[in-house]
K.L.:
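I am attaching a structure below and will ask some questions about it afterwards.
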Amino acid sequence: MVKNKFLFSMLCLFLPSSRIKNKILSIFGAVISKDAIIGHSYIYTRRFIIENKAKIGSFNYINNEEVFMKEESYIQSANFIVGPFKLYLSKNQLLVIETKFEEYHVLYVGGGVY
């Protein structure tokens, strides 16, 4: 359970990707591997688990109930993910959100969004 979600999201956004960032975010109740990479992204979630070598690119806006990323899964950069759902990425999965001008986002996840 992430404590103080607003402060957690601000630290995700402004701290550079590093093991120190991962340790600081772990203090707030997130479960983050030391080898995970979290870019400059706004992540506002109740529960956050990211395993070994998983990666979240920069310029993402994630506001949902839960983010759970297994080993070597990846969320690309510049995504807008909002909703009352749990985001689960299995090992080696890639989350891609393709957009077309003036249309809705399309969410492709091999394995599902739970």
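Just so it is clear, the values below take in all heavy atoms, side chains as well, and ignore hydrogens, waters and symmetry mates.
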K.L.:
Is there a side chain to side chain contact (heavy atoms under 4.5 Å, CB included) between Tyr74 and Glu72? Walk through the geometry before answering.
P.N.:
CA-CA 6 Å; Tyr74 179 56; Glu72 300 177 11; over 6 Å; no

K.L.:
Does His40 reach the main-chain N or O of Phe59 with its side chain, forming a donor-acceptor pair under 3.5 Å?
P.N.:
no

K.L.:
If you look at every heavy atom in Thr45 and Lys5, which pair is closest and at what distance?
P.N.:
O-CD, 3.2 Å

K.L.:
Could you state the interatomic distance from CD1 (Ile27) to CG (Leu11), rounded to the nearest 0.5 Å?
P.N.:
9.5 Å

K.L.:
Strictly below 4.0 Å, N to O, side chains only: are Lys70 and Glu51 in salt-bridge contact?
P.N.:
yes

K.L.:
Taking all heavy atoms of Ser9 and all of Ile43, pick out the closest pair and write down the distance.
P.N.:
CB-O, 3.2 Å

K.L.:
Would you please name every residue forming a ring-ring contact (aromatic ring centres under 6.0 Å, His included) with Phe28, sequence neighbours left out?
P.N.:
none

K.L.:
Just wondering, do Ile62 and Val67 contact through their side chains at under 4.5 Å, heavy atoms?
P.N.:
yes

K.L.:
Going by the rule salt bridge (charged side-chain N to carboxylate O under 4.0 Å, His left out), which residues pair with Arg46 if we only count those two or more places apart in sequence or in a different chain?
P.N.:
none

K.L.:
Could you pull out all residues at least two apart from Tyr42 that satisfy ring-ring contact (aromatic ring centres under 6.0 Å, His included)?
P.N.:
Tyr61

K.L.:
So do Leu25 and Cys12 actually touch side chain to side chain, heavy atoms under 4.5 Å?
P.N.:
yes

K.L.:
Quick check: closest heavy atoms across Ile56 and Met69, and the distance to 0.1 Å?
P.N.:
CG1-SD, 3.6 Å

K.L.:
Within this structure, what is the OG-CD1 distance for the pair Ser33 and Ile49, rounded to the nearest 0.5 Å?
P.N.:
12.5 Å

K.L.:
Measure across Ser58 and Gly39 and return the closest heavy-atom pair with its distance rounded to 0.1 Å.
P.N.:
OG-CA, 3.6 Å

K.L.:
Working to the nearest 0.5 Å, report the span between CG of Leu15 and CG of Asn22.
P.N.:
10.0 Å

K.L.:
Quick check on the hydrophobic clustering: are Tyr44 and Val82 connected, directly or via other members, by side-chain heavy-atom contacts under 4.5 Å?
P.N.:
yes

K.L.:
Please test Glu71 against Lys91 for side chain to side chain contact (heavy atoms under 4.5 Å, CB included), starting from the C-alpha separation and ending with a verdict.
P.N.:
CA-CA 5 Å; Glu71 288 183 34; Lys91 185 175 180 177; 3.9 Å; yes

K.L.:
Which heavy atom of Ser41 sits nearest to which heavy atom of Gly57, and what is that distance?
P.N.:
OG-O, 2.6 Å

K.L.:
May I ask you to check whether over 12 heavy atoms, not counting those of Leu7, lie within 6.0 Å of atom CG?
P.N.:
yes

K.L.:
For the ring pair Phe48 and Phe8, is the centre-to-centre distance below 6.0 Å?
P.N.:
yes

K.L.:
Determine the sole option in Ile37, Asp35, Ile50 for which the side chain to side chain contact (heavy atoms under 4.5 Å, CB included) test with Lys55 is passed.
P.N.:
Ile37

K.L.:
Indicate the atoms forming the closest heavy-atom contact of Ser90 with Tyr88, along with that distance.
P.N.:
OG-CE2, 3.3 Å

K.L.:
Does Asn64 reach the main-chain N or O of Ile81 with its side chain, forming a donor-acceptor pair under 3.5 Å?
P.N.:
no

K.L.:
Can you get from Met1 to Phe68 by hopping between Ile, Leu, Val, Met, Phe, Trp and Tyr side chains that sit under 4.5 Å apart?
P.N.:
no

K.L.:
Look only at the side chain of Ser17 and the backbone of Ile38, and say whether a donor-acceptor pair between them is shorter than 3.5 Å.
P.N.:
yes

